[in-house]
A.B. asks: 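Here's a structure for you.
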There are 2 protein chains.
Amino acid sequence: MVTLAEVAQHAGVSASTVSYVLSGKRSISATTRQRVEQSIRDLGYHPNAGARALASNRSNIIALMIPLRTDMYVPVMMEIAIAVATTARMHGYDVLLLTGEEGPDAVRRVTGSGLADAMILMDVELEDERLPLLRGTDQPSVLIGLPADTTGLTCVDLDWSATGALCVEHLAGLGHRDIAVIGEAPAVYERHTGFAERTLDGLRSRARETGLRVLHRPCEGGYDAMAVTLARILDERPGTTGFVVQNESAVEPLLALLRQQGRAVPEDVSVVAICPDQVAVQASVRLTSVAIPAQEMGRHAVQHLVAKLDGRGSDEVVLIAPELTVRASSGPAPAAS
Amino acid sequence: MVTLAEVAQHAGVSASTVSYVLSGKRSISATTRQRVEQSIRDLGYHPNAGARALASNRSNIIALMIPLRTDMYVPVMMEIAIAVATTARMHGYDVLLLTGEEGPDAVRRVTGSGLADAMILMDVELEDERLPLLRGTDQPSVLIGLPADTTGLTCVDLDWSATGALCVEHLAGLGHRDIAVIGEAPAVYERHTGFAERTLDGLRSRARETGLRVLHRPCEGGYDAMAVTLARILDERPGTTGFVVQNESAVEPLLALLRQQGRAVPEDVSVVAICPDQVAVQASVRLTSVAIPAQEMGRHAVQHLVAKLDGRGSDEVVLIAPELTVRASSGPAPAAS
DNA sequence: AATTGCTGTCGAAGCGCTTCGACAGCCTAT
DNA sequence: ATAGGCTGTCGAAGCGCTTCGACAGCAATT
């Protein structure tokens, strides 16, 4: 293993000079710099991460806590994780992958050991038990998701409430009066995941303003669960002509079932999905949808974190404005019969 | 930040004693041990990762390289990543997430800097350019996936060739004579990803043995692409009664299209999928499928790596035997008309 | 000519841990 | 009684890096 000292010797300078060439924290003459850089290349030198971390008290690692459970939004999680990893690399950071499994202990461990310089938390619940720890440490962090109380925290998220409102507006504008919301699995609501509840709030309050009737039903993914849920909805509100779906794995089953029952999309019923664009485009009917900007959230989170680590940036809540793309699954409400 | 020295002082012993309590590398009397452990708890001590890495030349980190592209198997990747992370934690390791983006450079960087003690590579191509580097270093590694030449490497993978064979056998046993294979996107084959080609090999050679005719068509995911692909297949081989699908995002479109054309599953055509069980169960027809054992692969990979790091274990190729579960999408071939 | 202020480089200290050799104290076998 | 072997603990060295203060050399200012 090549060390700083060996590079220094090879280049005929002192170790500290090599260090300053690497960090740029003091000015170095052009000739010396070049000599050192050449030696680094010749010897194939890579700074030792542990030594660097010990001496500088910086690991150049960002910890990313992803949920262990895979009951929702797997592709979104993955996309965020990848965006975080690539963005972090662009800023010279590596990413440590933590699963939610350890819970608050993971926060303690990472903070205490100096393993990572900062953390990104995903899948934040409204009253998340990791938050007190985060507030009690000076380690920078960013949440992807919005807890109930955001004081002293930095959060990045899609504006779910506005997302819900946007879906309602779109359907209201098309003349629909009775709409059903196919939600995430019941467990997601039970554990008070912010995004699901906020979406619902947004939907409901805009529905109240526009005079729409809303029926909300959580739904496990899959065909069978969707069949049961749909039957119940149509039983309770036969006049339903609009659907908002916030559950990737219910989208295709819903479309299949509607088709099977002879309800044409978008002639008889309209469907608006809240899902990544890719899903909306690949569905059997090109879906009118509000995109979940996974990449953007990941990128934002890292950028905020890096700003904090550089001493810039402060606590703040960034809500990304939702965008609704009209495709082939929504249209005017059928004339009342 | 609490240090070893502070714990030592608090417990009234020397620093080295605390270290030995932590590592267990020398015997310590019960009373001393307890006193030290109590001090650790009292002070909330966590060993500093950088210092430990520097002194012991071990970071207790495993690097996981996941593919950047998301054109295939996202849930599988995610499941593997999570399995890797949880299993690694059980053995006292953390996981560093690297995206394929950096390519071979990432291997050099991690190896050179001592950031990680070992690596797991996913999405291995048949002639992967990272392999020479891996062979040229003494850093342990495990591949998830099988390159063309495995000498000097440890690999874990589903036995894709046997998987292909198994699908053919199942359909052959049901009397099907003409089968079509809906494959991954063309790009997957173009970059010579092992699993796709091996599956095809397994399919074809068993088809030869059992006298089946096989038509293979790569297919982008989604409804539109599937529609085109299916039309071509039925045009070329109208007598096709069996389908093998190795592309998650083509499964549901295929089922929808068959339904739409009045071909009943499994009465008229049989469908066998190669996908995670969850997908098979959630589809609109419960699918006969060969499961992709994502968790098992991740777990295996970590276990091998840990064995190597402990000085046990050696290079070896582990192929997981495929298992076909019969569900509702396959049945006897219709009588020839 | 003397002072001041840069710029570029160096030496040394120290980050918090692991680990090696030393050794005190005790028990067992001669 | 003595040598030898354990067991449990300690001190010190050192891992490879960053960073602080020092300072030599030179240019610009008085």
Side-chain angles (χ1 to χ4, degrees), chain A residues 1-37 39-40 43-61 92 94 109-117 309, chain B residues 1-37 39-40 43-61 92 94 109-117 309:
Chain A
M1 189 192 224
V2 188
T3 68
L4 227 215
E6 289 168 349
V7 173
Q9 192 175 8
H10 186 271
V13 298
S14 76
S16 47
T17 301
V18 177
S19 177
Y20 286 123
V21 168
L22 250 27
S23 69
K25 291 191 179 174
R26 285 201 181 173
S27 55
I28 298 287
S29 69
T31 59
T32 306
R33 184 200 316 293
Q34 281 162 19
R35 203 140 36 84
V36 170
E37 282 168 350
S39 296
I40 288 176
L43 301 178
Y45 168 73
H46 286 270
N48 182 87
R52 181 170 266 188
L54 177 57
S56 66
N57 212 15
R58 282 294 211 101
S59 65
N60 286 302
I61 289 180
D94 274 294
R109 194 167 61 84
V110 169
T111 309
S113 68
L115 234 187
D117 297 332
L309 287 167
Chain B
M1 188 192 225
V2 189
T3 68
L4 224 216
E6 289 168 348
V7 173
Q9 193 175 9
H10 186 270
V13 298
S14 76
S16 46
T17 301
V18 177
S19 177
Y20 286 124
V21 167
L22 250 28
S23 69
K25 292 191 178 174
R26 285 200 182 175
S27 57
I28 298 285
S29 70
T31 59
T32 306
R33 185 201 315 293
Q34 280 162 22
R35 203 142 34 84
V36 170
E37 283 167 351
S39 296
I40 289 177
L43 301 177
Y45 168 72
H46 286 271
N48 182 87
R52 181 169 265 190
L54 178 57
S56 67
N57 212 15
R58 282 294 210 101
S59 64
N60 285 302
I61 289 180
D94 273 295
R109 194 167 61 84
V110 168
T111 309
S113 67
L115 234 186
D117 297 332
L309 287 167

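For the numbers below, each heavy atom of this structure counts, side chains included, while hydrogens, waters and symmetry mates do not. Letters A, B, ... mirror the listed sequences (proteins, then strands); counts begin at 1. Just so you know, these numbers come straight off a predicted model, no measurement behind them.
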A.B. asks: Roughly how far apart are A:Ser59 OG and A:Leu54 CG, rounded to 0.5 Å?
C.D. replies: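 CG of A:Leu54 is found 12.0 Å from OG of A:Ser59.
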
A.B. asks: For B:Gln9, is the CD atom crowded, meaning more than 12 foreign heavy atoms sit under 6.0 Å from it?
C.D. replies: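 No, not enclosed.
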
A.B. asks: What parts of residues 45-56 of chain B reach DNA chain D, counting only heavy atoms under 4.0 Å away?
C.D. replies: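 Those residues whose heavy atoms fall under 4.0 Å from DNA chain D, taken from residues 45-56 of chain B in numerical order, are B:Leu54, B:Ala55.
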
A.B. asks: What pairs of nitrogen or oxygen atoms, one from the protein and one from nucleotides 6-9 of chain D, lie under 3.5 Å apart?
C.D. replies:
{"unit_1": "D:dG8", "atom_1": "OP2", "unit_2": "B:Ser27", "atom_2": "OG", "d": "2.7"}
{"unit_1": "D:dT9", "atom_1": "OP1", "unit_2": "B:Ser29", "atom_2": "OG", "d": "2.9"}
{"unit_1": "D:dT9", "atom_1": "OP1", "unit_2": "B:Thr32", "atom_2": "OG1", "d": "2.2"}
{"unit_1": "D:dT9", "atom_1": "OP2", "unit_2": "B:Ser29", "atom_2": "N", "d": "2.9"}
{"unit_1": "D:dT9", "atom_1": "OP2", "unit_2": "B:Ser29", "atom_2": "OG", "d": "3.4"}
{"unit_1": "D:dT9", "atom_1": "OP2", "unit_2": "B:Thr32", "atom_2": "OG1", "d": "3.4"}
{"unit_1": "D:dT9", "atom_1": "O4", "unit_2": "B:Arg26", "atom_2": "NH1", "d": "2.8"}

A.B. asks: I need the CE-P distance between B:Met1 and C:dG16, as an integer number of Å.
C.D. replies: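 From B:Met1 CE to C:dG16 P: 7 Å.
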
A.B. asks: Provide the closest heavy-atom pair for A:Ser113 versus B:Met1 in the form atom of the first, atom of the second, distance.
C.D. replies: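 Shortest heavy-atom separation between A:Ser113 and B:Met1 comes out as C-CE, 4.3 Å.
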
A.B. asks: Report the distance from atom CZ of B:Arg33 to atom CG of B:Leu22, rounding to the nearest 0.5 Å.
C.D. replies: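 Separation between the atoms: 11.0 Å.
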
A.B. asks: Calculate the interatomic distance between A:Leu115 atom CG and C:dG16 atom P; express it in whole Å.
C.D. replies: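 Taking CG of A:Leu115 and P of C:dG16, I get 16 Å after rounding.
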
A.B. asks: Got a list of protein N/O to nucleotides 23-27 of chain C N/O distances below 3.5 Å?
C.D. replies:
none

A.B. asks: Hey, does B:Ser19 reach any base, or is it just sugar-phosphate, or nothing, if we go heavy atoms under 4.0 Å?
C.D. replies: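 Counting heavy atoms under 4.0 Å across all strands, the contact made by B:Ser19 includes a base.
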
A.B. asks: Drop me the distance from A:Glu6's CD to A:His10's NE2, to the nearest 0.5 angstrom.
C.D. replies: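 Reported value, rounded in 0.5 Å steps: 10.5 Å.
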
A.B. asks: Under a 3.5 Å threshold, yes or no: a donor from one side chain and an acceptor from the other, between A:Thr32 and A:Ser29?
C.D. replies: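 There is such a pair between these side chains.
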
A.B. asks: Round to a whole Å and report the spacing from CG of A:Leu4 to P of C:dC15.
C.D. replies: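 One finds 19 Å between P of C:dC15 and CG of A:Leu4, rounded.
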
A.B. asks: May I ask you to test the A:Leu115-B:Asn48 pair for a side-chain heavy-atom distance under 4.5 Å?
C.D. replies: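 Not touching, per the 4.5 Å side-chain cut-off.
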
A.B. asks: What is the distance, to the nearest angstrom, from the CG atom on A:Asn57 to the P atom on D:dT19?
C.D. replies: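 Going from A:Asn57 (CG) to D:dT19 (P), I get 10 Å.
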
A.B. asks: Is there a side-chain contact between B:Val2 and B:His46 in this structure, where contact means two heavy atoms from C-beta onward sitting under 4.5 Å apart?
C.D. replies: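 Not in contact.
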
A.B. asks: Please determine whether a side-chain nitrogen or oxygen atom of B:Lys25 lies at a distance below 4.0 Å from atom OP1 or OP2 of C:dT18.
C.D. replies: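 For C:dT18, neither OP1 nor OP2 has a side-chain N or O of B:Lys25 closer than 4.0 Å.
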
